[in-house]
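Here the structure comes first, spelled out in C-alpha cells, and everything after it is commentary.
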Amino acid sequence: MFPRCPTARASSHAAGVIDLARSVAAAFAAQGPLAVERPGLRPRPGQLQMALAVAQALQAGEHLAVEAGTGVGKTFAYLVPVLLSGQRALLSTATQALQDQLFTRDIPAVSRALGLPVRAALLKGRSSYLCLHRLELARTVGSFAQRDPAVAAGLEQVQRWARVTRSGDVGELAMLDERSPLRPLITSTHHNCVGSSCPQAALCHVDLARRQAREADWVVINHHLFFADQVIREAEAVDWLPETGVVVLDEAHRLNDTGVQLLSQSIGSDNLRDLARELGLQGNAWARGLRPWAHLALSLEQACRAVGSLAREAGTQGRSRWTDATPEGLDPSAWLLAVSGLDVALTAALEAVSATAQSAAELTRLLDRIKALQATWSRLAPGGSSPPDAASVRWMEWGAERSWRMVRAPLDSAERFSRLVKDDVPSARSWIFASATLGHDDALSWFTRGLGLAGHASVRTLRVASPFDHGGQAALYVPHDLPEPSEAAHTPELAVRVAQWAGRLGGRTLVLTTTLRAVARMAEALNEQVLQGRCAPMAVLAQGQLSRAALLARFRAAASSPHGAILVASASFWEGVDLAGNTLELLVIDKLPFPSPDDPLTAARSERLVAQGLRAFNDGYLPEAAMALKQGAGRLIRTETDRGVLVIGDRRLLTRSYGNPLLNSLPPMRRLMDEADMNTALDALVLTRSSTTDRSPS
C-alpha cells in the first residue's frame with residue numbers, strides 16, 4: 001500500500017504497527033464489534049484499506065491524504081484507528097452540521113462498539129454561542145434593539161431559551177438563522193467581548209466550551225475555527241485548541257478555499273454597520289451625553305451607503321478586480337470621494353471613543369476594535385500600505401442592499417500548510433486529510449498542490465473507489481437539443497423538461513444550479529409550469545425561502561406526499577446533502593460548474609499558472625469544474641440500494657473536446673441517449689419503488 005517506515009524507525013515501531021493493524025482489522029471483521037453494534041453492516045474492503053492506511057500513518061508519524069468514494073465509510077475508517085491508537089486528536093469538518101453529526105452520532109457509535117470511552121468536546125466559533133452580557137444589554141430599556149418591536153419580541157424568546165440551555169449553542173434556536181438581525185445582538189466577537197471584566201464571565205458559554213476542549217481527548221471543530229486558531233496564534237500568541245498527536249481534516253477538499261477566506265484581510269459594510277450599531281449601543285450605555293453617538297453612528301452608516309451606491313459599469317458583477325488605484329468598473333473621482341468620506345467617519349468614531357474609553361471596559365474594547373478596523377482600512381483602501389503582490393489579489397465585492405467588502409486574499413493556502421505539515425519523518429503529529437473528491441490522479445495533485453503538500457516526503461496519498469455499482473444503480477442523461485448554457489432560453493427550456501420528468505416521479509427531484517441567480521430563474525420557471533397545469537401539481541422549494549435544514553426537511557417529507565416536491569438550490573447544496581433512499585431519484589445539474597473567468601481570484605490563479613508554464617484552462621478551470629461536478633453528482637447515490645438518474649443540462653459535454661475528461665471524472669453510469677430512454681428509466685424507478693415499498697406510486 002505504502003512504502004515501509006524508514007529503516008531507523010522500523011525496529012522500534014514494527015510491533016506497534018502490527019498490533020494496531022491487527023486491532024483495526026479485528027474491529028472491521030464480519031463478526032467484529034462494529035458489526036455487532038450495527039446489525040446489517042457489511043464488510044467493505046475499501047473501508048478496511050483506508051483504516052489500515054490511517055493506522056500506518058499514525059504509527060509512523062506520517063501524513064495521509066485519502067480520497068474515499070461515496071459509500072466507503074470514511075468516517076469510521078479514520079475514527080476506529082485513531083481511537084485504537086489511544087492518541088489525543090483534533091477532528092475538523094467542513095460545516096457545523098457535519099460537526100454535530102460527528103459529535104452526536106459517529107463518535108459515540110464507534111466508542112460504544114469498541115468499548116473504549118473517549119472524552120470528546122464540541123467546539124465552535126465564538127459567534128455560535130450566546131453571550132449573556134450582550135443579551136442583557138440588548139434587552140435594556142431604551143436600547144436600539146428595544147425600539148424595534150419584532151427584535152424585542154425575538155430577544156424575549158432568546159431569554160426564555162437562555163434559562164434552560166446548557167451549551168449556549170445558538171444553533172439550538174430554530175428561529176435564528178445566519179442572517180437574523182438578532183444574531184449580532186446576542187453573540188460576541190473577538191473585538192466586543194469584555195473578557196474577564198464581564199459581569200457574566202463565570203457563566204460564559206464560550207469559556208466553558210473552550211475549557212471542555214482543553215480537557216478532552218478529542219476535540220471536534222470546523223475548518224473555519226481551525227484556520228481562525230492559526231491566525232490568532234500567530235497574531236496574539238494565544239491558542240484556543242489543544243496540542244494533539246493527530247489532526248484529522250475531513251471534507252478536506254474545502255480546506256484550500258476556507259483557508260483563503262480566513263487568511264484574507266477584509267473590511268466591509270457589515271463590519272462598519274455593526275460598528276455603527278455598537279457606537280450607539282455602547283456610547284449611550286456608558287458615556288451618554290459625552291459625545292453625539294447617534295450622529296457618529298449615522299455618519300458611518302451614510303458613508304458606508306455612499307460606497308455601496310457607487311455607479312458601476314455595465315457588466316461589473318459581484319466582484320471587481322482592484323489592481324490600480326481604483327477598482328475596475330468605477331469612476332476614479334467618485335470612488336475617491338466616497339472612500340474619503342468613509343475615512344472621515346471612521347476617524348471621527350475613533351476620536352470619540354478614544355476620548356471616553358476610560359468610562360467602561362466595553363468602550364475600551366470598542367476602541368481596540370476601531371483601531372483594528374482602521375489598521376485594516378489603511379492597508380486596503382486607496383494608498384494603503386500593503387498593495388497586492390504576486391502571491392495575493394485584491395478586489396471589491398458587491399452584494400445586495402448596497403453592501404460591499406474590500407478584500408485582499410492569498411491565492412491559496414499553500415504557505416500556511418507547508419509550515420504546519422513539516423517535511424521531517426517522523427513528525428510530532430500525524431495529519432489525516434479525507435474527502436470523496438481530492439483529485440484525478442493517484443498523487444491527488446489537485447488537492448496537494450493547493451495546500452503546498454505536493455512533494456512532501458512524509459505525505460502519502462491513497463484513492464479508494466466507491467463500493468457502489470453506479471452502472472447498475474444510476475443512469476446519466478445529457479440532452480443534446482437544449483439551447484447553449486449561455487443562451488437566455490436555456491433555463492426556461494430545461495425547466496419544462498424538469499417539470500415533466502419530476503411529474504413522472506411524483507417530485508423527488510433536486511436541481512443544482514451554478515449560481516444563486518439561476519436558482520431564482522429556475523424556480524420561477526418551474527412554478528409557472530405548475531401553476532399553468534403543464535405538469536403534475538407539486539411544490540417547488542427554492543434556496544433562500546427557508547434555512548437549508550428546513551428546506552431539506554420539507555423535501556424529505558414531500559417524498560411521502562401525493563405530489564412530492566422539486567428542490568432548486570446552489571452553493572452549499574452541491575455537497576454535504578444526504579438524501580438516501582427514494583427521497584431523491586432525479587438529480588439535475590443545470591450547467592457545467594466552471595469557475596467564472598471574471599472572478600478576481602480565479603483570474604489571478606490563472607495568471608500564475610501561465611507564468612509557471614502551465615495552461616490556465618487545462619490546469620486550472622478544467623480540474624476545478626471536474627471536482628465540483630463530481631461533488632454535485634455524489635448527491636444521487638448514497639447507499640447500496642439507491643436508484644436514480646443524473647441529468648446534466650449542458651450539451652457542451654457532447655460537443656466540446658473537454659466533454660470526455662469531465663464525463664470520465666464521474667462514476668461509470670449507463671447512458672441514456674434520448675427522451676424515450678429517459679422516460680423509460682423514470683418509469684422503471686417508479687415501478688421498482690412500488691415493488692419494494694408499501695406506498696402506491698405517486
Side-chain angles (χ1 to χ4, degrees), residues 189-192 224 227-238 257-276 278-279 299-300 303-304 306-308 310 318-330 332 334-354 365-399 403-416 419 599-601 603-605 607-608:
T189 67
H190 172 66
H191 295 293
N192 64 27
H224 281 80
F227 279 104
D229 177 70
Q230 300 301 317
V231 172
I232 291 293
R233 284 185 190 224
E234 185 175 278
E236 303 180 18
V238 175
D257 287 342
T258 303
V260 168
Q261 179 183 346
L262 268 292
L263 298 173
S264 300
Q265 295 176 312
S266 69
I267 186 170
S269 55
D270 287 349
N271 309 118
L272 296 169
R273 286 170 182 160
D274 187 52
L275 174 59
E278 289 294 309
L279 276 173
S299 297
L300 195 53
C304 278
V307 174
L310 287 169
R319 291 180 175 182
S320 303
R321 194 166 181 184
W322 187 2
T323 55
D324 298 320
T326 305
E328 295 176 358
L330 298 182
W335 164 254
L336 185 58
L337 181 63
V339 295
S340 297
L342 187 50
D343 186 62
V344 169
L346 191 56
T347 301
L350 176 64
E351 292 173 351
V353 178
S354 296
R365 297 290 294 188
L366 184 59
L367 177 60
D368 291 340
R369 180 182 179 186
I370 297 174
K371 287 179 177 178
L373 284 172
Q374 192 165 62
T376 303
W377 172 261
S378 67
R379 288 191 292 267
L380 293 180
S385 59
S386 300
D389 52 34
S392 66
V393 60
R394 185 173 60 168
W395 69 81
M396 280 294 293
E397 197 166 285
W398 311 101
S403 64
W404 54 269
R405 198 163 65 110
M406 297 178 178
V407 183
R408 190 181 74 168
L411 299 189
D412 55 38
S413 304
E415 181 182 357
R416 174 71 58 170
R419 284 185 286 161
D599 179 78
L601 183 57
R605 286 174 172 172
E607 291 168 5
R608 183 176 61 176

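These numbers come from the heavy atoms of this one structure, side chains and all, not from hydrogens, waters or symmetry mates.
- For the pair Val339 and Trp377, the minimum side-chain heavy-atom distance is below 4.5 Å.
- With Asp599 contributing its side chain and Leu601 its backbone, the two residues share a donor-acceptor pair below 3.5 Å.
- Side-chain atoms of Asp343 and Thr347, non-hydrogen and from C-beta on, do get closer than 4.5 Å to each other.
- Between Trp395 and Ser320, the side chains place no donor N or O within less than 3.5 Å of an acceptor N or O (distance only, hydrogens not considered).
- Two residues are said to be in side-chain contact when any heavy atoms from C-beta on lie closer than 4.5 Å; Arg416 and Gln230 meet this criterion.
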Self-check item: Stepwise side chain to side chain contact (heavy atoms under 4.5 Å, CB included) test for Met396 and Arg405
Solution: CA-CA 6 Å; Met396 280 294 293; Arg405 198 163 65 110; over 6 Å; no
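- Looking at Val393 and Thr323, their side chains never come closer than 4.5 Å, going by heavy atoms from C-beta outward.
- Val260 approaches Ser413 most closely through the heavy-atom pair N-OG, 3.4 Å.
- Of the charged side-chain nitrogens involved, at least one lies within less than 4.0 Å of a carboxylate oxygen, so that Glu607 and Arg321 count as a salt-bridged pair.
- Looking at every heavy atom in both residues, Ala325 comes nearest to Trp335 through O-NE1, 3.4 Å.
- In this structure, CG on Leu346 lies 5.0 Å from CD on Gln374, to the nearest 0.5 angstrom.
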Exercise. Output, in order, the C-alpha distance, side-chain angles, deciding distance and verdict of side chain to side chain contact (heavy atoms under 4.5 Å, CB included) for Leu411 and Arg608.
Key: CA-CA 9 Å; Leu411 299 189; Arg608 183 176 61 176; 3.7 Å; yes
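- The side chain to side chain contact (heavy atoms under 4.5 Å, CB included) check on Ala348 picks up Leu296, with sequence neighbours excluded.
- Side chain of Asn271 to backbone of Gly268: a donor-acceptor contact under 3.5 angstrom is found.
- For the pair Leu262/His224, a side-chain contact is recorded, criterion being any heavy-atom separation below 4.5 Å from C-beta on.
- Proximity of a side-chain donor or acceptor of Ser299 to a complementary backbone N or O of Ala345 within less than 3.5 Å is not detected.
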Practice problem: Check the pair Arg273 / Ser403 against side chain to side chain contact (heavy atoms under 4.5 Å, CB included), numbers first and verdict last. | Solution: CA-CA 10 Å; Arg273 286 170 182 160; Ser403 64; 4.2 Å; yes
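- For the pair Met406 and Trp322, the minimum side-chain heavy-atom distance is below 4.5 Å.
- Heavy atoms only, all atoms of each residue included: Cys304 and Leu272 are closest at SG-CB, 3.3 Å.
- Between the Arg394 side chain and the Val407 main chain, no donor and acceptor come within less than 3.5 Å of each other.
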Practice problem: Please lay out, stage by stage, how Leu367 and Ser354 fare under the test side chain to side chain contact (heavy atoms under 4.5 Å, CB included). | Solution: CA-CA 6 Å; Leu367 177 60; Ser354 296; 3.3 Å; yes
